[in-house]
Amino acid sequence: MSEVVLETKDLSMEFPDGTQALKNVTLTIKKGELVSIIGPSGAGKSTFMRSLNMLNKPTEGQIVFEGENVLKARGKQLRQIRRRIGMVFQHFNLIKRSPTYQNVLHGRLGYLPSLKGGLGRFSEEDTRQALEILRRVGLEDQAFKRADELSGGQQQRVGIAQAIAQTPSLLLADEPIASLDPSSSENVMTYLKNVCQEDGLTSIVNLHQVDFAKKFAHRIIGIKAGEVVFDGSPKELTEGITNYLYYSK
Amino acid sequence: MRPYIDKKNKMTKQIYVGLFIIFFIFSLLQVGILDERIFQAFSRVENLLKGMVPPTISEPIDVAGAAVESLQVAVMGTLWGVVFSIVLAMFAAKNVSPHISISYAVKAFAAFVRAVPALIWALLFIVAIGLGPTPGILALAVNSIGMLMKVYAEAIEEIDTGIIDALKATGASQFQVVMQGIIPSIMSIFISWSIFRFDINIRYAAVLGVVGAGGIGWELVRASRVMAYDEVLGITLVIFGMILLAELVTRFLKDRADMATLKAME
């Protein structure tokens, strides 16, 4: 449990319009940890998460993922880092017109040569794996339906399946249940936690529902206005801290 | 304030209407729309019409061959147009273009290409290549690019950026993002615009022959030069039949495509 998977040092990000989204975020994430990041909307949770795989570029600081400097990575090296970081999005971001299993297979793109992956020539082994992963998230019956025929909760499980197909060492989930109803949320979080525990994945989940975060995570990080203001176990997260996070100016 | 603005608008409107009327009268005098020749044309029109019926086709094999050539020009022109447009659209769409300036450059190119009519392109290509169907194909392809690239690029710009992010996050290369993410997402728009453009190209292909770019238009010009008006009508009817047929085929294809989309939406 002591091996460090991810380390950020003094990570700062300023948007072109001058908004300071992240201020000197220094964090260490160890192997097998389930971390939940909480905080109000606009606090910088998403920006932080999207920086980790360079979907947006931090202006200062350092990110070290499994010994590699993410911010220095370009081209092929960056793609090889990204394929080891699975990501689940708030709005699922599936290819709506493609069948479900195809969406899961997209998780393998980083492992295929550009042309082969572009033409969708996935190996039989990959396809078998994709169907197996769909079974794990309880969607084996939906494998050949178009992604947009599925309900929101099901689509998010496809999103998780796609991330798992990458065989990642780190799983990022950016507000995975923010656009789902309470029962689907419960369901998606259960699948997410099970998958992480079965595969021994390290995982960071952005949530704004504190109760879900407490139930899901081993460790909770509170971010407010781009700064880490809390870092501890769910038990240490008292009501006073939550109130400070969400309500005080 | 309100009555003042109203009054001002009314004034502007009156000025526009006045200018328009002046321009109209000026044009009428200048061009001589009411040319006295119109009144003397009746006998000539009578002759022309008499010469046209019954429509004949003196060399059916030639005309049929020319009609098929027109279709081929339209198919090839559309095909090349579609292929180049989709590739260029990837550079024109702001959200996938490698750099914003490339996007503007490609869009400006498309606007220029669009502004020049297909007939002019055909004339230019005839000068460059010589008579025959090849300049016709090139002219249609270039003209198609102007339009298709714009609509494809707009379709790409409208897709959810999250889709691109999600694929990038898996470690996919740019080519993979395009092929696996963007193309499936714009497929229905892509198909319907391509079919629509094919429809337009068939109409153009029939006319392009007039300037010598192959196809049935050439037969039409040949017949009218020798004043074989019965043949002119015959060939015109063939063109009419050809376009009607193409219309039916493209409508069928479009319905099929729409059906597929509707079915999947259920």
Side-chain angles (χ1 to χ4, degrees), chain A residues 46 49-50 52-56 73 75-99 102-122 145-149 158-159 162-163 165-166 168 171-172 174, chain B residues 83 86-91 93-101 152 155-195 254 256-266:
Chain A
S46 284
M49 187 160 275
R50 292 167 60 87
L52 298 180
N53 58 3
M54 287 276 278
L55 285 180
N56 50 27
K76 198 168 180 202
Q77 199 199 350
L78 177 61
R79 293 207 300 277
Q80 281 174 355
I81 291 173
R82 278 175 173 168
R83 75 184 188 191
R84 285 181 282 137
I85 305 178
M87 191 160 187
V88 177
F89 296 83
Q90 178 183 351
H91 298 292
F92 330 133
N93 295 356
L94 304 176
I95 312 297
K96 294 188 177 67
R97 301 175 60 87
S98 297
Q102 179 95 19
N103 272 291
V104 179
L105 278 170
H106 285 156
R108 300 305 298 171
L109 283 174
Y111 292 91
L112 289 178
S114 200
L115 191 66
K116 216 174 166 190
L119 299 177
R121 305 198 48 84
F122 298 100
K145 280 193 185 166
R146 267 175 57 148
D148 56 1
E149 290 177 65
V158 177
Q162 180 184 320
Q166 288 174 235
L171 185 74
L172 306 176
D174 189 6
Chain B
V83 169
I86 192 75
V87 173
L88 285 171
M90 297 300 164
F91 293 92
K94 280 184 201 142
N95 48 353
V96 281
S97 178
H99 194 264
I100 190 84
S101 56
Y152 293 166
I156 296 170
E157 279 169 3
E158 272 169 31
I159 68 173
D160 190 357
T161 48
I163 286 173
I164 299 171
D165 281 347
L167 285 179
K168 270 194 198 159
T170 67
S173 66
Q174 184 71 10
F175 178 70
Q176 290 173 336
V177 171
V178 167
M179 294 296 288
Q180 291 292 313
I182 292 169
I183 294 198
S185 302
I186 64 162
M187 209 46 167
S188 68
I189 300 174
F190 173 76
I191 290 174
S192 61
W193 276 104
S194 305
I195 292 174
K254 222 174 154 204
R256 281 281 299 267
D258 289 349
M259 278 303 284
T261 315
L262 279 179
K263 234 178 166 175
M265 296 283 265
E266 271 167 13

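Everything numeric here is computed off the predicted structure, so don't read it as measured data. Because only heavy atoms are used, hydrogens play no part in the values below, and waters and symmetry mates are left out as well, while side chains stay in.
- Between the CG atom in Leu115(A) and the OG atom in Ser173(B) there is a gap of 9.0 Å [rounded to 0.5 Å].
- Contacts between Pro113(A) and chain B at a heavy-atom distance below 4.5 Å involve the backbone alone (N, CA, C, O).
- Residues satisfying the salt bridge (Lys or Arg N to Asp or Glu O under 4.0 Å) criterion with Arg82(A), sequence neighbours excluded, are absent altogether.
- Residue contact with chain B, scored on non-hydrogen atoms closer than 4.5 Å, involves the backbone and the side chain of His106(A) alike.
- Gln162(A) touches chain B through its side chain: at least one heavy atom from C-beta onward sits under 4.5 Å away, while N, CA, C and O do not.
- For Gly107(A) against Thr170(B), the heavy-atom pair with the smallest separation is CA-CG2, 4.2 Å.
- When all heavy atoms of Ala169(B) and Phe89(A) are compared, the closest pair comes out as CB-CZ, 4.3 Å.
- Heavy-atom distances place no part of Leu105(A) under 4.5 Å from chain B, backbone and side chain included.
- Counting heavy-atom pairs closer than 4.5 Å to chain B, the top residue among Gly118(A), Ala165(A), Gly117(A), Gly75(A) is Gly118(A).
- The part of Gln102(A) that comes within reach of chain B is its side chain, from C-beta onward, which places non-hydrogen atoms under 4.5 angstrom from that chain.
- Residues Leu167(B) and Ile95(A) are in side-chain contact: their nearest non-hydrogen atoms beyond the backbone lie under 4.5 Å apart.
- Note that CE of Met179(B) is 11.5 Å distant from CG of Leu109(A), once rounded to the nearest 0.5 Å.
- Looking only at heavy-atom pairs under 4.5 Å with chain B, the residue among Gln90(A), Met54(A), Arg50(A) that has the most is Arg50(A).
- How far CD of Gln180(B) is from OG of Ser98(A): 7.0 Å, rounded to the nearest 0.5 Å.
- Interatomic distance, CZ of Arg97(A) versus OG of Ser188(B), reported as 4.5 Å (0.5 Å rounding).
- For residues 156-163 of chain B, a heavy-atom distance under 4.5 Å to chain A picks out Asp160(B), Gly162(B), Ile163(B), given by residue number.
- Minimum heavy-atom separation, Gln176(B) to Leu112(A): NE2-O, 3.5 Å.
- Distance check, rounded to the nearest 0.5 Å: CG of Asn53(A) to CG of Asp165(B) gives 8.5 Å.
- When all heavy atoms of Lys168(B) and Leu55(A) are compared, the closest pair comes out as CB-CD2, 4.1 Å.
- Atom OG of Ser185(B) sits about 7.5 Å away from atom NZ of Lys96(A), to the nearest 0.5 Å.
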